[in-house]
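Here's the structure, in structure tokens; my notes come after.
Just so we're on the same page: letters track the sequence lines, and every chain starts at 1. What you see below is based on every heavy atom in this structure, not just the backbone, and it leaves out hydrogens, waters and symmetry mates.
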Amino acid sequence: MRSLAVSRLSAATRLWLLAALAVAAMVAFMTLGLRGNLTFALELRAVRLLALVQVGVAVAVSTVVFQTVTANRVLTPSIMGFDALYVFGQMLLVLLLGAAGFAALDPRLKFAGEAVVMVAMALLLFVPLLRRRFDIGLLLLAGVVLGVLFRSLASLVARLIDPNEFAVAQGMSFANFNTVRPDLLAIGLVVTVAAAAIVWRQRHLLDVLSLGADSAIGLGVDWSRVLIGLLLLVALLVAVSTALVGPVTFLGLLVAAIAERVVDSRRHFLLLPAAVLTAVVVLVGGQTVLQHGLGQATTLGVVIEFVGGLVFLGMLLAAGRR
Amino acid sequence: MTEAARPGFRLLLVAGLVALFVASLLVGVGDLPLRRIAGDPAALQLLLVSRLPRTLAALLAGAGLAIAGLVLQILARNRFVEPVTTGTGQSAALGILLVTLLFPAASIAMKTAVATVAALAGTSLFLAVAHRLPPTQPFLIPLFGLVYGGVVGAAATYIAWQADLLQFIEVWTNGEFSGVLRGRYELLWITAAVVALAWWIADRLTIASMGREVSVGLGLDYRRIVQLGLVMIAVVSSLCVVVVGIIPFVGLVVPNLVSRLLGDNLRRALPWVAAAGAALVLACDIVGRLIRYPYEVPVGTVLGVVGAGLFLWILFGRAARA
Amino acid sequence: MIEIENVSLRLQDTRILHDISLTLPKGGLTALVGPNGAGKSSLLSLVARLQPLQSGRIVVDGLPVDATPGRQLAKRLAILRQDPAVAARLRVRELVGFGRFPHGRGRLDDRDRALIEAALQQFGLQDLADRFLDTLSGGQRQRALVAMAFCQGTDYMLLDEPLNNLDMQFARQLMRDLRKAVEEERRTVIVVLHDINHAAVYADRIVAMKAGRVVADGPPSAVLRTEVLAEVFGYPMQVVEIDGAPLVLHHR
């Protein structure tokens, strides 16, 4: 895929090229096909751009961290059912508060509540699971099934709340990049920036963790404590992206796989920015191309899931052949 | 499991099946007290037109899906797969969708035939890949299957979306018995024939479960068993999808649980696999009718929760023993 | 009689077998020996039609293996491959009973049941008969699998490294059981062996293979000689005689 000329460039140069591509995508997103009231349109687009970039950062960082912590490139938080967990937490909250009480709640408060429920469940479920160091295949399979379980639970709860409201269950199971939730942008921004900053400060620790739990412990890392801390960040980031656009199972996998090929390294000072930039290119660029090129703005989520799913199957086959 | 526990299991299963059968006839929105049935033509009508067909449909679908799961586990030589979640069900849904789009006037039998062909193609592809995955990593095959089924399902959803047929996809992908009436489920009796056929060739299936080399050594035409098995799986899956929609996990958890109690000599165990599948689906259907009375929760949703939970229990139960 | 004529085998770009011709008359215990990759297992699986024949001819009692219905052949010849990972939860008696499948297609009559009990007896499995396979040790499983091949009641039994993973006492017991089957039941046993000293004591004939060719063929006393073994295994080893049987000091 990569041309020979590009592959000869240094990792830093390729990263800059990726950055240029991401900027180009953002500029195109903001300017292509502008019509009517300029201020209004630009403001609308800026809000959506901010949301997409946030989702990109959250998904990219959480996936890279999760893959490093589990020392596996096929695992991502979404594949392990994290986003389904968020949706389930949401439904649980609706059940506890009643639909009316839930609707009356401030969205930021709701988000906080859902995030707390989700982080608590993620830690309760995944810390023991990862600590026991099960076979990675078992872990993957269990994660996918956990995802199915949470999604089924969420739709069961949805039907219990309102038997006629099929749309609730349906709306939850698709990602939608077209209509973002502006009311959550600010709180999402705070969480994303804070989490990304913490992860960036820990980039050298992450390099050590990518050697695997045994080596990391041997090098003096308090693995259990670090695991809990990083999983907490991952859960928060997944909560942000799911709250903004809904569940996207394979975006993280796609982004991390492309990023690793671009910088050809597992070092986090390269991998983290590369993954973030790739996510921006895929989300913002993909949305722009679909909207203005193909006139199908609503289908980005489906396309990403489809391509990401195929990439996942390919990686499984490759891992199996080794 | 001790020798004494097994007759207990069989007795319990038979008693449970009878109890569920009676309960299923009596439970529902329309009031149907036992003593009125004989004298009241309206009550008799309700029984014969709705309750009895619904009960029979649940029994047939459950037995058929459990056997289809058993056969696929033998063909894939992996205990953690079942047709409905590894692409067969989704391929069948894709097939019906395409025939509905291209030939809206096609009869239900015609649609079933096309669905069967699509299911056959989807399952063959899955098996071809499954056999290329290393047998040393048993969790890769079901994982591949789940995501493969997801990708095929996403393709079907996308096409349905474009063609504005999403509500149909919902009908085919989420199993539900509430629409079953006399005259609208009878195709399902074909699954009874498939179950009978499976019992007829039970010895051959047991030998096939020991692998190709043992089979050939014992003079079994292994290729023909695989072909026959594929057809059986495709027929049962597509019939279930056409008549009631996708019901997940039955084919996965039932053969595993029965194998633990009765072993894998299918001459002996196969009828109990069918009976346990029938009982599980009927029980979940009754739960679905009661949990939000007078509204109904689809059996597919109930089994998504119950089945995923049971599957996780089987997975980690095995890991803990190993 | 098993007649192997000009059989070659090529997998991808590797030649596994080079133009092998070999005749194995009825009766006796024949051991196939040789270093890893010599082609012993491939030859065995070709005879047992587990792999398609690419060139040459293999005939068992007048029946060409590539053109005879599988069931008919299964009444003449039983095969036990190395480590056939049988994951099915079967009881030992059930597993052994499947050896009767080629005869009755799964319907067991009284004669079949008697043969199953005899096979259990022969391999010392009576006490384990009602246990599930997955509760047995590796050695017990292996014995159950051999008993199943035995129960198939065929004139020819082909066994691929049946002593793998067996403790010393089980390995000895299995070889004695096979010897008994040869002498008392007139069976023909062809077995791939890793340890040539087992071949020295229990085999009537040893076929030594190397790099896809037969390099030596004859009774133990003829094959187990220093110069022959050096050609097969690539290093010289001392051979002594104890109680009339050769003993190869291959580990020194």
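The 12-atom threshold is not exceeded at NE2 of H194(C), counting heavy atoms of other residues, nucleotides or ligands nearer than 6.0 Å. The environment of CD in E183(C) is crowded: more than 12 heavy-atom neighbours from other residues, nucleotides or ligands sit within 6.0 Å. Within a 6.0 Å radius of CZ in R15(C), more than 12 heavy atoms belonging to other residues, nucleotides or ligands are found. Within 6.0 Å of the CZ atom in R10(C), the count of heavy atoms belonging to other residues, nucleotides or ligands exceeds 12. Residue R57(C) qualifies as open at atom CZ: its count of foreign heavy atoms under 6.0 Å is 12 or below.
Geometric assessment of R268(B) against the ring of W199(B) yields a negative cation-pi assignment under the 6.0 Å and 45° thresholds. Taking the ring axis of Y222(B) as reference, the NZ or CZ atom of R212(B) does not stay both within 45° of it and closer than 6.0 Å to the ring centre.
Among L218(B), I207(B), T206(B), L220(B), the residue with the largest count of heavy-atom pairs under 4.5 Å with chain C is L218(B).
Identified by a heavy-atom distance below 4.5 Å to chain B, the contributing residues of residues 41-53 of chain C are A48(C), R49(C), L50(C), Q51(C), in residue-number order. Inspection of non-hydrogen atoms places no residue of residues 24-40 of chain C under 4.5 Å from chain B. Residues of residues 68-77 of chain C lying under 4.5 angstrom from chain B, judged on non-hydrogen atoms, are G70(C), R71(C), A74(C), L77(C) by number.
With rounding to the nearest 0.5 Å, the separation of CZ in R204(B) from CG in L266(B) is 13.0 Å. Going from atom CZ of R79(B) over to atom CD1 of I141(B) covers 13.0 Å, rounded to the nearest 0.5 Å.
Both the backbone and the side chain of V216(B) come within contact range of chain C, each with at least one heavy atom under 4.5 Å from a heavy atom of that chain. The contact between N265(B) and chain C is made by backbone and side chain atoms together, counting heavy-atom distances below 4.5 Å.
The side chain to side chain donor-acceptor pair (under 3.5 Å) search around S91(B) returns none, not counting sequence neighbours.
Using a 3.5 Å distance cut-off with no hydrogens or angles, the side chains of S238(B) and T116(B) do pair a donor with an acceptor.
Only one option out of R111(C), R113(C), M148(C), Q152(C) pairs with R100(C) in a side chain to side chain contact (heavy atoms under 4.5 Å, CB included); it is R111(C).
Relative orientation of the F249(B) and F311(B) rings is tilted, given thresholds of 30° and 60° on the angle between their planes.
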